[in-house]
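Remarks on the structure that follows.
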Protein chains: 2
Amino acid sequence: MTGKRVLTTRENAVPALAEAFREHGFEGASLAVLSKATGLGKGSLYNFFPGGKEEMMEAVLADVDRWFAATIFAPLEQAEDPAAAITGMIEAVTAYFRSGRRVCLVGALGLNAGGEAFATTINGYFSRWIEALAHCLEVATVPATSAAHLAEEAVSGIQGAIVLARALGEADAFNRIVERQRATLLAAIRGYATS
Amino acid sequence: MTGKRVLTTRENAVPALAEAFREHGFEGASLAVLSKATGLGKGSLYNFFPGGKEEMMEAVLADVDRWFAATIFAPLEQAEDPAAAITGMIEAVTAYFRSGRRVCLVGALGLNAGGEAFATTINGYFSRWIEALAHCLEVATVPATSAAHLAEEAVSGIQGAIVLARALGEADAFNRIVERQRATLLAAIRGYATS
DNA sequence: ATCGAGTTGTACCGACCGGTACAACTTACG
DNA sequence: CGTAAGTTGTACCGGTCGGTACAACTCGAT
């Protein structure tokens, strides 16, 4: 226990790894790419992440999950002000995904095979998001089944907005779609719960 | 011009290539994978696709585009019976994507970098889909701006449904979401065009 | 100054990558 | 049957993959 943390890098490198995985995918992000992205040599990377790429991705996913839990899930779950929580979610998501220019790491990982190793993490990410949003809607006037459907649709819609905005190279498409999601959710809160 | 087509394979191999690209992505689909998927050796593959993987993907995308144009876009564009065209679109899409178990090749290609080489094809696929659906809605009572928004939202929603169903490993999620899209579109046709 | 735990770059490994070359084969036509 | 165009498997190329080994280095504690 002499040298503690000389330059403290492991947690420091995670955001750079996340960006690299987002841009190139899990299989596409070679060690050369990850090394350049972090500024660390292979030796350093394997020193911090002995499990290799898989452990790096696990660390990234844990970091992403922590961020979403604190910034998005928690406000929805406590839901003292449902409308504000939903508006906050939309704004946070728009900023985080940079209007669709930035890919959702978890969603993309679930699409391409090779993400099977992280299946439970991926499932948990979306499950918790949907449940948190549904709970927030239930705290408002929305009945349980409608809340579940609306939540599922909103989370799905955000993912679709990312795909479409990327495909069209049109960030405004993301903003438009997500804004409509917000309006739908807020309308439901105000008592227009559909069947 | 003696040997015509001995076993006529080029067009015959495209569906197998498409499945391989869907399952492994563009970068993840190695020549070994493609060879096994098609049952053809590397020599045969390069005989039919001298441009390598890129030409194979182009052929696959052209095939996908042909299928969508004939099965989905054309009925929307002629739109003699808008409601029937929309219901047909939803049913065809559900069958094609196997309730989300099957990935949308074009959407996934747009997410992961490396699909940049096919950017215009990807853009065209989604643009035409949205425009065809919007035109179909316009043929019904829906005003132009609402039609454009609804169409954009529906196509985006289908992509999101694929992402979510895959992430949750729950095919029913796809069916639920897509069914709601159908209901929304048909409701709009019946005159409930929103702002 | 010395030591040792922690950190880093670099050389290297076998495996596999996309792609090429080419000999062996199949087949239609004369 | 002979031949040539078309098709196929296989060996091979340089390069890169993920991962390992290890010597050189940093730096706080003594």
Side-chain angles (χ1 to χ4, degrees), chain A residues 1-61 105 109 112-118, chain B residues 1-61 105 109 112-118:
Chain A
M1 301 169 185
T2 58
K4 281 198 173 186
R5 298 279 170 78
V6 184
L7 285 173
T8 50
T9 16
R10 149 125 197 184
E11 270 74 22
N12 205 330
V14 169
L17 290 175
E19 262 327 289
F21 280 129
R22 255 186 281 266
E23 289 176 14
H24 300 91
F26 181 66
E27 296 193 289
S30 68
L31 285 184
V33 167
L34 298 172
S35 177
K36 191 162 61 179
T38 56
L40 273 57
K42 284 208 239 176
S44 306
L45 285 175
Y46 271 86
N47 181 35
F48 294 129
F49 307 93
K53 274 174 73 174
E54 198 159 313
E55 186 172 341
M56 298 181 208
M57 181 56 101
E58 281 170 8
V60 166
L61 288 177
L105 187 59
L109 200 57
N112 300 14
E116 293 153 356
F118 312 99
Chain B
M1 300 171 185
T2 58
K4 281 198 174 186
R5 297 281 171 78
V6 185
L7 284 173
T8 50
T9 16
R10 151 125 196 183
E11 270 74 22
N12 204 331
V14 169
L17 290 174
E19 264 324 292
F21 280 129
R22 255 186 281 265
E23 290 176 13
H24 300 90
F26 181 65
E27 297 193 290
S30 68
L31 286 184
V33 166
L34 298 172
S35 178
K36 191 162 62 178
T38 55
L40 272 60
K42 284 208 243 178
S44 305
L45 284 175
Y46 271 85
N47 181 35
F48 293 128
F49 307 93
K53 275 175 71 174
E54 198 159 314
E55 186 172 342
M56 298 181 208
M57 180 57 100
E58 282 170 7
V60 166
L61 287 177
L105 186 60
L109 200 58
N112 301 14
E116 293 153 357
F118 312 100

Exercise for the section: Nearest 0.5 Å please: distance from the CG atom of A:L109 over to the CD atom of A:E27. Expected result: 10.0 Å
Exercise for the section: Take the protein atom NZ of B:K36 and the nucleotide atom P of D:dT10, then report the distance between them rounded to whole Å. Expected result: 16 Å
Problem - Protein-nucleotide distance (A:R10, atom CZ; C:dT8, atom P), rounded to Å - result: 13 Å
Practice task
Nearest whole angstrom, please: distance from the P of D:dA5 to the CG of B:N47.
Solution key: 15 Å
Pairs under 3.5 angstrom only: tabulate donor-acceptor contacts from the side chains of residues 39-54 of chain A to other protein residues two or more places apart or in another chain.
| from | atom 1 | to | atom 2 | distance (Å) |
| --- | --- | --- | --- | --- |
| A:K53 | NZ | A:F26 | O | 2.8 |
| A:K53 | NZ | A:A29 | O | 3.1 |

Fill in the blank from the handout: Quick tally for nucleotides 18-24 of chain D: nucleotides whose base has a protein heavy atom under 4.0 Å get B, sugar-phosphate-only ones S, the rest -, giving BBB----
Fill in the blank from the handout: To the nearest angstrom, the NE2-C1' distance between B:H24 and C:dG18 comes to 17 Å
When the side chains of residues 16-24 of chain A are checked against the rest of the protein, which donor-acceptor pairs come out under 3.5 Å, sequence neighbours left out?
| from | atom 1 | to | atom 2 | distance (Å) |
| --- | --- | --- | --- | --- |
| A:E19 | OE2 | A:R22 | NE | 3.1 |
| A:E19 | OE2 | A:R22 | NH2 | 3.4 |
| A:E19 | OE2 | A:R102 | NE | 3.0 |
| A:E19 | OE2 | A:R102 | NH2 | 2.8 |
| A:R22 | NH1 | A:Y96 | OH | 3.2 |
| A:H24 | ND1 | A:A20 | O | 3.2 |

Practice task
Send over the distance from A:L34 CG to D:dC17 P, rounded to a whole Å.
Solution key: 10 Å
Problem - Atom of B:N12, atom of B:P15 and distance for their closest heavy-atom approach - result: O-CD, 3.4 Å
Handout entry: Atom pair distance, as rounded to whole Å: CG in A:L40 and P in C:dG6
Key = 18 Å
